[in-house]
Undergrad: 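Take a look at the following structure, please.
Numbering of ligands and ligand atoms starts at 1, following listing order.
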Amino acid sequence: MFNKEIYLRRRNELQKKVSSGIILIPGNTEASYNYPDNTYHWRQDSNFSYFFGIDLPNLAGVIDIDNNEHIIFGTELTIDDIVWMGHQPTLKDNAAKVGVTVTRDYSKLQSYLSEAAARGRKIHFLHPYRSEHYIEMERLLGINHKAIDNYVSQELIKAVISLREIKEDVEIIEIEKAVATAYEMHTTAMKMAKSGVYEYEIAGMAEGVTLKNNGYISFPVICSVNGHILHNHSHHNMLSEGRMLVLDAGAETDLYYASDITRTTPVGGKFNPRQKAIYEAVLAANLKGIENIKPGQANVENHIAAVTVLMEHLKDLNIIKGNPYDAVMEGAAYLFMPHGLGHQMGMDVHDMEGLGENNVGYNEIVARSKTLGIASLRMGKILQPGHVFTVEPGCYFIPALFEQWKNEGKHKEFINYSEVEKYLDFGGVRIEDDVLVTETGHKVLGKPIPKTVTEIEEICRG
Ligand code: GLY
Ligand code: MN
């Protein structure tokens, strides 16, 4: 964990941003996999980890704003726990490491909250995201689990986002560690991308690399020669020449900071002319999306500029016609890039998305567009120093979407359907980097991972 001053400062800042009452931030519990004691990989809740730091289950953090008191509710270990897990620090010792001096038994949390509520004090909490959290919140707060989401505190959501979205230097160091792990995942994958290899061999390597670097995957690995299936989590295909392998994979560090990188490699390590043309189009969009990142710039403008560049390249290839910018602004570009340019990234790979995509990516100054394609953008707002987000344009040939649009004659003023048809066996290309907004511009985080055609062909040659 970080030193205790960091957690203290974060809680004090949070407290200043919420008017009055009690802030409740529950930690995670273990989640069973196939029988009660066989659990999924342990993951602390990101908000709990951010403000209370302790990486253990069955805890809840409380900030009493009016009395300036920070409390951790938990349970001291029993002799049984010590027999199975060895000696562990006490709850008090753990709390002290994050600057909390008051600990109480978890069994007292419900009465603590109900007494506060009875005195008319507001209890601020965030959206739960696991069913057992909803059940526990119902028990703690006396609100039916189906109604819990109606009672989350908008004031707390805004306050948490305003803190978590501006990354501190120690957080950037963590994210760069996660990108370093991604460097190893992706460069190893490029060398492995040969005919006869199965996707699961590469996906397994990628996950193994995160574990051997004392971390874990930041989301389930996407590793596919069918790159047009955006979140393809099946890994059973064998690689063959002529296909392109999309690997969208990142790591999280032991402090839960993420990376999220995508690279696309031609199987066999040499781009054919068609692959090179589409790849160069996406690369140009990636570079355009990064070029203007600076404080004060609305990221929706970067999205539009990047997708326009993609359309310009597709026009050169006769895949689209008309004005490339208009193709973006009228929603025709969606056929080729149905997702946004990127999302915030931090302790969650889609950072804080559990607090509401629009709360994280938009505000009163920049509202989410309603235009097909631009509406998919998760991070549209004005950039500030400390923002970290992904830049991940792609170009896909999705047969089912193509058929639907062609049958409807959709956007036929922009789309050369007979030309697009020739690419339906292509798959897709995506290129993704993680970028920090600095005081004067931006920094692509981590050691550069091979990205140009030459760099990728070089690393594939070994
Ligand atoms: N890397 C997966 C995603 O951004 O959704
Ligand atoms: Mn991403």
Undergrad: Before accepting this row, confirm whether a basic side-chain N of the pair Arg263/Glu432 lies closer than 4.0 Å to the acidic partner's carboxylate O.
TA: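 No.
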Undergrad: Provide the number and element of each atom of ligand 1 under 4.0 Å from a heavy atom of Glu392.
TA: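 Result: 4 (O).
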Undergrad: In this structure, are over 12 heavy atoms from other groups packed under 6.0 Å from Asp37 atom CG?
TA: no
Undergrad: Give the atom numbers and elements of ligand 1 that come within less than 4.0 Å of a heavy atom of Asp260.
TA: 1 (N), 2 (C), 3 (C), 4 (O)
Undergrad: Answer yes or no: is there an ion pair linking Glu13 with Arg10, defined by an N-O contact shorter than 4.0 Å?
TA: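 So Glu13 does not pair with Arg10 through a salt bridge.
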Undergrad: Sequence neighbours left out, what passes side-chain contact (heavy atoms from CB on, under 4.5 Å) with Asp425? Give chain and number order.
TA: Arg274
Undergrad: I want to check a possible cation-pi pair here: Arg11 against Phe52, using under 6.0 Å from ring centre and within 45° of the ring axis as the test.
TA: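 That pair qualifies as a cation-pi contact.
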Undergrad: List every atom of ligand 1 that sits less than 4.0 Å from any heavy atom of His343, numbering the atoms from 1 in the order shown and giving each element.
TA: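 Every atom of ligand 1 under 4.0 Å from some heavy atom of His343: 4 (O).
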Undergrad: Under 4.0 Å between a side-chain nitrogen and a carboxylate oxygen: does that hold for Glu165 and Lys381?
TA: yes
Undergrad: Say whether Arg378, considering both its backbone and side-chain N or O atoms, lies within less than 3.5 Å of an N or O atom on ligand 1.
TA: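 Between Arg378 and ligand 1 (N or O atoms, distance only) the closest approach is not under 3.5 Å.
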Undergrad: Show me which atoms of ligand 1 lie under 4.0 Å from any heavy atom of His231.
TA: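 Contacts of ligand 1 toward His231, numbered from 1: 2 (C), 3 (C), 5 (O).
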Undergrad: With side chain to side chain donor-acceptor pair (under 3.5 Å) as the criterion, how do Lys17 and Ser162 come out once you've worked through the C-alpha distance, each side chain's angles and the decisive distance to 0.1 Å?
TA: CA-CA 9 Å; Lys17 286 173 183 273; Ser162 73; 3.2 Å; yes
Undergrad: Is His339 near ligand 1, meaning one of its heavy atoms is under 4.0 Å from it?
TA: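 So His339 does not count as touching ligand 1.
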Undergrad: Are the charged groups of Glu174 and Lys177 less than 4.0 angstrom apart, N to O?
TA: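 Salt bridge flag = yes for Lys177 with Glu174.
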Undergrad: Just the protein N/O/S atoms under 2.8 Å from the Mn ion (ligand 2), please, no waters.
TA: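 Under 2.8 Å from the Mn ion (ligand 2) - ignoring waters, which are not counted - the protein N, O or S atoms are Asp260 OD2, His343 NE2, Glu392 OE2, Glu432 OE2.
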Undergrad: Please report which non-hydrogen protein atom sits nearest to atom 2 (C) of ligand 1, along with the residue it belongs to and the distance in Å to one decimal place.
TA: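 That would be Asp248 OD2, 3.5 Å.
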Undergrad: Under 4.0 Å from any heavy atom of His350, which atoms of ligand 1 are there?
TA: 3 (C), 4 (O), 5 (O)
Undergrad: Is any NZ, NE, NH1 or NH2 atom of the basic residue among Lys443 and Asp434 found under 4.0 Å from an Asp or Glu carboxylate oxygen of the other?
TA: no
Undergrad: Considering only heavy atoms from C-beta outward, does the side chain of Ile173 approach that of Thr253 to under 4.5 Å?
TA: no
